[in-house]
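Before any comments, here is the structure.
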Amino acid sequence: MGVALFQFSDDQAEAFDRVAELMRAAGIDLEESMTTPRATAPADGGDGVMAVIGRAGSGKTMLLARLYQAVEEAGVDIVSGDYEGRRRKDKRTLAILAPTNKAASVLRAQGVPATTIHRILYTPVYDPEYEKVAEWLVAGGGDDRPAVEGLSDAALDRALEFYRAMRSIPGALATAGLRGSDFITGWKRREEPLDVGFVDESSMLDDRQFEDLKEIFPTLVLFGDPAQLAPVNQSGTMVFEKLPAPRVLELHRIHRQAQDNPILDLAHALSDDSLEFPQFERMIEEAARRDDRVVVAPRMQADLMARSPALVWRNVTRIRLIQAFRAAYGAPPDALLPGEPLICDGIELPLKHRKKRIDLEARGLIKGAQAIYLGPGTRAGFSRLHVIGAEDPQVSAASIIKIELPGEEEPFIPYAARMGAAFLHGAAVTIHKAQGSQWDQVQVFAPDLWAASRAGRTEAGIALWKRLAYVAITRAQTRLIWVTRNRLARPSEPLSTDDLNTPAIALALTSPEEGT
């Protein structure tokens, strides 16, 4: 087997072996790198669910990546969610999932072909002509090129080159000059189950999502951080906390690449029950004096808020920071500037338009998704958007964009279709909504965490301010900026969308009243 077990810590190696036992029951032998008939039940009589938990830096993502490599070496089909060819009965399947586009993109950046839960629950329906092209790409090309009107050999070659590099069927077809509406005719709820699911950021799962996943995957491995915040509707509990103790594997060791990291040092200091907020702030100040990866700043930087939202606890703080951001960039009160960040607040559609809801969600517009406003669409009420972290980020969608105002119960709505994807401004977000995301640099509004500490609230026996601080600071990949005052530094340059010029598919979503 190609997985180098000697790189693992003892607890990682034990977790790998335990997951491998579970996989054998699913018909995947990681030791022999082969698939076998599925067992009728897991060896220990469990229900096919196991959790690997640990704090930031304990090696969960490394273990997930090594397990994925071992599963692929065993000849298992990896289901990406953007296209599924004809399945063979003797083949096993694996899907690697995350609750949000951003969380999935973090894994993809590390070579793990992750997709969102929505893209596995709902699968695309391809036009039969272009399905031939997709099958040809998945098969690695060859002399039996599909003959499709309007697609030259040069276009097929471009698509094949892209697919070999990126493993994305929609992206490959886009390089051949096609739009999503050319080859995807709709979306449907998955009917056939898959074999194994790996779920990252599983602390974000609620009970309903968990039950949905168990319907699809007889074998599930959850990867999660018990120190994060539980979903708001879960009463402070996470789904893996309800599993039997033998099915929960905890990683403790902080790995070499995470050592000497002041951000993770601060995160782990929060596990000290005796630590109070003033002491923690002094630790941050001391870390900032030693290492430029931690910064104590007297004001927010508007430039960073355009792509990396300020993290806050209170909604009133969020709204005030958004208004300060828009004023700093000279945004008009009745319109958005191209480059302004947005957060999807859900889909506002009546139940009879279930198919359209699936269409929007499958394209990445799920609650909590980050997007950048590119400009108005070609039809009234439509907006052109770049969905952060989505595999096919450029979309045009019927939109309801809400700008909240301090002291006002009702938001101002500069753009609104009669129904469609709803958005809030994304220059600042609550720490709850930031879970599952990471940014290169993160600004944390410290006065809100001080307020949380003064409130004296706890969640699952842990001080709420500590959970908030832990989630907030572990969103930072390279630099943590601890902002101490309610002030905003003016931007150094105007808003722009130049940084979003990446290959993508422009998917025009028809409004429900217009049909598909």
Side-chain angles (χ1 to χ4, degrees), residues 80-82 97-109 113-122 124 166 168-171 173-174 179-181 184 187 201 204 305-309 336-349 356-378 381-402 415 417 420-427 429 433-439 495-511:
S80 68
D82 61 22
L97 316 173
T100 66
N101 299 303
K102 184 69 172 165
S105 70
V106 169
L107 286 174
R108 290 197 298 270
T115 189
T116 63
I117 292 171
H118 277 86
R119 290 294 290 269
I120 291 298
L121 292 177
Y122 300 101
M166 302 298 294
S168 168
I169 293 294
L173 294 178
R179 297 175 304 165
S181 55
I184 294 179
W187 303 81
E201 296 288 352
M204 299 173 66
M305 291 168 67
R307 296 294 179 269
S308 174
L336 289 178
L337 296 175
E340 287 198 66
L342 300 171
I343 298 290
C344 183
D345 197 38
I347 308 298
E348 297 190 3
L349 291 172
K356 182 52 58 180
R357 176 184 295 275
I358 293 172
D359 201 23
L360 290 165
E361 291 177 339
R363 286 172 162 91
L365 293 176
I366 57 180
K367 191 174 179 69
Q370 293 176 265
I372 305 298
Y373 179 75
L374 301 178
T378 56
F382 274 61
S383 300
R384 291 184 296 111
L385 305 164
H386 181 103
V387 183
I388 300 293
E391 293 174 90
D392 311 315
Q394 306 285 345
V395 303
S396 175
S399 307
I400 304 164
I401 299 176
K402 307 172 184 179
Y415 305 101
F423 294 91
L424 301 175
H425 204 280
V429 302
K433 272 194 166 60
Q435 286 198 141
S437 296
Q438 281 193 310
W439 297 273
L495 279 173
S496 171
T497 60
D498 291 346
D499 59 315
L500 305 177
N501 291 331
T502 56
I505 303 171
L507 298 170
L509 308 185
T510 56
S511 62

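FYI, side chains are in, hydrogens and waters are out, and symmetry mates aren't considered; it's all heavy atoms of this structure.
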CD1 (I400) and CG (L424) are apart, to the nearest 0.5 Å, by 11.5 Å
side-chain contact (heavy atoms from CB on, under 4.5 Å) filter on S383, not counting sequence neighbours, yields Y373, L385, S399, I401
When rounded to the nearest 0.5 Å, the distance separating CD of E201 from CD1 of I117 is 10.5 Å
To the nearest 0.5 Å, atom CD1 of I169 lies from atom OG of S80 at 7.5 Å
Note: A427 and M305 closest approach over all heavy atoms is O-CE, 3.5 Å
Shortest non-hydrogen pair, L365 vs A397, comes out as CD1-CB, 3.9 Å
Those residues at least two apart in sequence (or on a different chain) that pass ring pair (Phe, Tyr, Trp, His ring centres under 6.0 Å) with F423 are none
Of all heavy-atom pairs linking A98 and A104, the shortest is CB-N, 3.6 Å
Rounded to the nearest 0.5 angstrom, the CD1-NE2 distance for I366 and H118 is 5.5 Å
Shortest non-hydrogen pair, G426 vs V429, comes out as O-CG1, 4.3 Å
By ring pair (Phe, Tyr, Trp, His ring centres under 6.0 Å), H425 pairs with (sequence neighbours left out) F325
*Got a donor-acceptor contact below 3.5 angstrom from the N101 side chain to the G364 backbone?*
yes
ask   = T497 side chain to L500 main-chain N or O, any donor-acceptor pair under 3.5 Å?
value = no
Taking R384 for its side chain and G377 for its backbone only, find out whether a donor-acceptor pair lies under 3.5 Å.
-> no
CG of L342 to CG of L336, rounded to nearest 0.5 Å, is 6.0 Å
> Backbone N or O of P124 within a donor-acceptor pair of the R119 side chain at under 3.5 Å?
Replying inline: no
Here the gap from L107 atom CG to L97 atom CG, rounded to the nearest 0.5 Å, amounts to 10.0 Å
Got a donor-acceptor contact below 3.5 angstrom from the R307 side chain to the W439 backbone?
no
Assess whether side chain to side chain contact (heavy atoms under 4.5 Å, CB included) is satisfied between V387 and V395, documenting all intermediate values. CA-CA 7 Å; V387 183; V395 303; 4.0 Å; yes
Closest heavy-atom pair, L495 versus E340, reported as atoms and distance to 0.1 Å, is CD1-CG, 3.5 Å
Tightest non-hydrogen contact, residues P309 and Q370, listed as CD-NE2, 3.8 Å
